[in-house]
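Please read these numbers as outputs of a predicted model, since none were measured by experiment. Within every chain, numbering begins at 1; the chains are lettered A, B, ... in the order of the sequence lines, protein sequences first and strands thereafter.
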Amino acid sequence: MKLVKSQPWRNPDTVLAQLIQSCARTRNLDRGKQLHAHLVASGATPSTFVANHLISMYAKCGDLYHAIALFDRMPQRNLVTWTAMISSFSQNNKFGDALRTFSSMCAAGIKPTQFALSSAIQASAFFASLEFGKQMHCLSVKLGYDVELFVGSNLADMYSKCGSLVDACRVFDEMPDKDEVAWTAMIDGYTKNGSFEEAIVAFRDMLRGGTVVIDQHLLCSVLSACGGLKAGKLGRCLHSCVVKLGLESDTFIGNALVNMYAKAGDMESASSVVGMNSHGWNVVSCSSLIDGYVEMDQIEEASRAYISSRRQGIEPNEFTFSSMIKACASQAALEQGIQLHAQVMKTSFVRDLFVSSTLIDMYGKCGLLNSSIQVFDEIQHPSDISWNSIVGVFAQHGRGKEAVRALNRMISRGNKPNHITFVSLLMACSHAGLVEEGLEYFYSMNKTCDIEPREEHYACVIDMLGRAGRLEEAREFIAGMPFEPNAYGWCSLLGACRTHGEKELGELAAEKLMKLEPENSGIHILLSSIYASMGQWEDVKAVRKLMRDSRVKKLPGFSWVDVNNKTHMFGAEDWSHPQKEEIYEKLEELMVKIRKAGYVPFTGSMPCNLEESLKERLLHHHSERIAVAFALISMPATKPIIVKKNLRVCVDCHSAIKLISKVEGREIIVRDNARFHHFADGMCSCGDYW
DNA sequence: CTAGGGTTAG
């Protein structure tokens with residue numbers, strides 16, 4: 001109003017335009033509508049200039065309806081009118097409409113400028129449509145805007161969002177001037193495509209240039225890259241930068257910091273950032289925090305963070321649910337998993353592909369194969385992630401044929417298996433003894449699915465041959481490999497050599513393993529048990545001495561079992577439980593039953609030269625068996641028993657529990673530190689070998 | 001009058 005009074009000689013349109021503009025700036029829709037109504041009431045048709053302002057005002061205030069209505073009724077549209085309409089659509093996330101309007105404009109014979117191109121490229125980025133994006137790029141080149149600051153940044157952003165980093169770089173490198181927005185687009189492109197090192201390198205290059213402003217957008221992307229690299233030190237450095245620039249109160253920055261620290265495993269810093277300011281408690285930061293705890297295997301802390309977030313009034317979203325369900329899977333905490341599933345079903349997140357995939361995995365790890373399949377079957381359009389989960393579950397359960405069938409269905413439905421799918425498939429074949437099928441897939445995956453076999457696939461083949469007792473072939477296979485097997489491969493081989501009494505190859509595997517994982521006591525134990533099974537007590541002693549000398553300690557074995565939502569822990573020969581009498585009685589009863597069913601104690605591998613009866617007794621009182629006996633006397637017979645162990649289940653316990661599942665008619669799931677065993681009716685999902 | 005970049009998952 002001041003302007004009107006002080007500059008009464010100005011063109012009335014200019015005055016009106018300025019008034020409308022101020023409504024747009026302050027998002028004052030009511031005042032904007034008033035001005036519009038006033039204009040209409042005066043009977044005059046607004047000029048194109050004024051109408052353009054009105055469209056822009058309506059769009060900025062989120063009132064697309066009136067913007068469109070006005071646009072449709074305009075007798076004269078100029079370049080800016082079209083451009084304003086396109087940007088109105090893209091500002092309000094109507095990217096399809098933005099693109100349609102863009103092509104109408106072109107059809108009307110109006111050449112787009114950098115403004116319209118910018119919005120149109122943004123829309124192509126939204127649809128992640130490389131094809132359309134390339135057309136836009138082409139048009140930008142033709143019209144001479146391709147290296148312009150805004151268009152260039154948009155193109156780089158669009159290419160990286162379409163997954164084509166090469167094209168993004170090409171555009172970016174051609175740009176003569178680059179500001180912080182352009183750099184952010186590029187750095188974020190690297191980050192989103194998993195090229196974290198390149199993101200950091202780009203950031204350094206940018207700093208070296210020295211002229212670019214560092215703002216919150218830029219720092220967010222760099223922090224995300226630090227998270228990906230687990231680069232806590234660099235991240236902390238950037239945190240100081242955030243503080244110096246006074247950007248701590250930015251919610252996105254806070255979330256990025258929490259996520260960075262959580263990914264780097266620095267949970268203390270992550271949780272302190274959450275508590276630092278009023279924006280700290282939000283669904284993104286809490287989900288990052290929870291996921292950090294889950295990844296660090298600190299499930300108690302994860303639950304605590306989840307409960308605190310709920311107390312703060314934060315509604316969990318699909319990220320939160322995924323992480324919490326993942327936590328249940330890692331603990332084989334079936335009860336809590338089911339509760340989360342029930343909660344998810346009350347929300348729309350039940351249709352989220354990440355959530356359903358973690359549910360499939362959780363049920364699988366808790367031994368409920370049918371529930372996994374049910375969750376999978378309820379997915380309307382399974383994605384690659386969904387298929388990978390179900391193939392993985394079949395692998396865990398030793399269902400080789402089902403895994404193969406799932407893979408074939410996956411391919412025929414147009415989903416593309418990746419290297420993880422093939423790891424699962426090969427493991428499934430290995431567990432089910434489908435050696436020929438497994439080998440066929442291994443040798444053909446490169447041709448049929450364009451996946452070069454990696455370390456882990458080679459390791460699966462070693463495992464497959466080893467389990468089948470084809471150790472000579474395993475040796476040849478290793479000799480023909482383009483690289484040395486990884487720890488998993490050598491470990492499988494060592495296990496197989498132990499089972500099949502192959503001393504020399506076992507020694508080789510152990511030697512390699514001790515170099516790869518010198519701290520791993522399991523390797524020493526396995527090797528000594530190979531010697532023990534052959535009665536080479538001198539060698540057993542030598543290994544023990546080696547363990548002493550290199551200060552490798554055998555971890556004490558513990559088992560856990562959840563009964564009525566309470567976790568009970570047992571050690572070997574552990575009789576501290578209040579119900580010890582009943583447990584002991586049950587164990588004795590089980591021994592009698594399984595002996596009748598054909599159980600023969602396997603004391604051959606025990607790494608000490610003890611009297612047989614004592615060895616047997618020691619075996620019978622392994623922690624996992626005590627846990628199973630306890631669960632049998634305290635749980636309703638309908639529920640599967642889930643036991644968790646910190647070490648590997650021993651061969652003898654494996655065969656004993658197999659028979660216990662048969663004589664007691666119970667499903668027993670044992671998760672040890674290496675794998676998953678599902679015992680039912682005298683069978684185990686991991687086959688006959690441990 | 002019209003345009004660009006940022007945080008969480010298998």
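- Judged by ring centres under 5.5 Å apart and planes tilted less than 30 degrees, Phe150(A) stacks against the six-membered base ring of dA3(B).
- Regarding Tyr145(A), its OH atom lies at a distance of 17 Å from the P atom of dT2(B), rounded to whole Å.
- Nucleic acid contact class of Glu148(A) (heavy atoms, under 4.0 Å, all strands): base.
- Atom CZ in Phe172(A) sits roughly 11 Å away from atom C1' in dG5(B) (whole-Å rounding).
- The distance between atom CZ of Phe115(A) and atom P of dT2(B), rounded to the nearest whole Å, is 8 Å.
- Counting to the nearest Å, the P atom of dA3(B) and the CG atom of Asp177(A) are 21 Å from each other.
- Of the side-chain N and O atoms in Gln122(A), one or more sit less than 4.0 angstrom from OP1 or OP2 of dG4(B).
- Comparing dT8(B), dG6(B), dG10(B) by their nearest atom to the side chain of Ser288(A) picks out dT8(B).
- For Asn52(A), whose side chain is taken as the heavy atoms from C-beta onward, the closest listed nucleotide among dG5(B), dC1(B), dG10(B) is dC1(B).
- Within 4.0 Å of Asn78(A), counting heavy atoms only, lies no atom of the nucleic acid at all.
- Residue contacts shown for Ala182(A) include a base, since a base heavy atom lies under 4.0 Å away.
- Checked for salt-bridge contact, Glu295(A) and Lys326(A) meet the test: a charged N lies under 4.0 Å from a carboxylate O.
- Taking atom CG of Asn317(A) as the reference point, atom C1' of dT7(B) lies 12 Å away to the nearest angstrom.
- Checking side-chain atoms of Asn282(A) against main-chain N and O of His279(A) turns up a donor-acceptor pair under 3.5 Å.
- Taking side-chain N and O atoms only, Thr113(A) has no distance below 4.0 Å to OP1 or OP2 of dA3(B).
- The shortest distance between the side-chain N/O atoms of Lys263(A) and the OP1/OP2 oxygens of dT7(B) is not below 4.0 Å.
- For the pair Asp291(A) (side chain) and Ser287(A) (backbone), a donor-acceptor distance under 3.5 Å is absent.
- Taking the side chain of Ser87(A) as heavy atoms from C-beta on, and the options dA3(B), dA9(B), dG5(B), the nearest nucleotide is dA3(B).
- We find that CE of Met276(A) is positioned 19 Å from P of dT7(B), with the value rounded to whole Å.
- In this pair, Phe127(A) and Phe95(A) present their aromatic rings perpendicular. The plane angle is above 60°, beyond the 30 to 60° band.
- Of the candidates dG10(B), dT7(B), dA9(B), dA9(B) carries the atom nearest the Ser322(A) side chain, counting heavy atoms from C-beta on.
- Side-chain atoms of His36(A) and Tyr58(A), non-hydrogen and from C-beta on, do get closer than 4.5 Å to each other.
- The base of dG10(B) is not paired with the side chain of Asp361(A) by any donor and acceptor separated by under 3.5 Å.
- In this structure, Ile253(A) reaches the bases: a heavy-atom distance under 4.0 Å links it to at least one base atom across the strands shown.
- Aromatic stacking is not marked for His217(A) over dG6(B), as the cut-offs of 5.5 Å for the centres and 30° for the planes do not both hold.
- Lys192(A) has no side-chain polar atom (N or O) that falls below the 4.0 Å cut-off from OP1 or OP2 of dG5(B).
- Among the protein residues, Ser323(A) comes within range of no part of the nucleic acid, since none of its heavy atoms lies under 4.0 Å from any strand.
- An OP1 or OP2 oxygen of dC1(B) is reached within less than 4.0 angstrom by a side-chain nitrogen or oxygen of Gln21(A).
- For Phe49(A), the side-chain atoms get nearest to dC1(B) when compared with the rest of dC1(B), dG5(B), dA9(B).
- Residues Ser140(A) and Ile121(A) meet the side-chain proximity criterion, which asks for heavy atoms closer than 4.5 Å.
- Note on Asp266(A) versus Arg236(A): salt bridge recorded, some NZ/NE/NH1/NH2 to OD/OE distance being below 4.0 Å.
- The phosphate of dT2(B) (OP1 or OP2) has no side-chain N or O of Gln91(A) nearer than 4.0 angstrom.
- Checked by distance alone, Ser221(A) brings no side-chain donor or acceptor within 3.5 Å of a matching partner on the base of dG6(B).
- In this structure, the nucleotide among dG5(B), dT7(B), dG4(B) sitting nearest to the side chain of Leu149(A) is dG4(B).
- Scanning atom types as modelled, no donor and acceptor separated by under 3.5 angstrom connect the side chain of Ser357(A) and the base of dG10(B).
- Applying the 4.0 Å criterion to OP1 and OP2 of dT2(B), one finds that Ser56(A) has a side-chain N or O inside that range.
- Ile121(A) places its CD1 atom 11 Å from the P atom of dG5(B), with the value rounded to the nearest Å.
- A sub-4.0 Å separation between OP1 or OP2 of dA3(B) and a side-chain N or O of Ser119(A) is absent.
- Atom CG of Leu247(A) is separated from atom P of dG6(B) by 16 Å (rounded to the nearest Å).
- Remark: the Asp179(A) side chain and the dG4(B) base include a donor-acceptor N/O pair separated by less than 3.5 Å.
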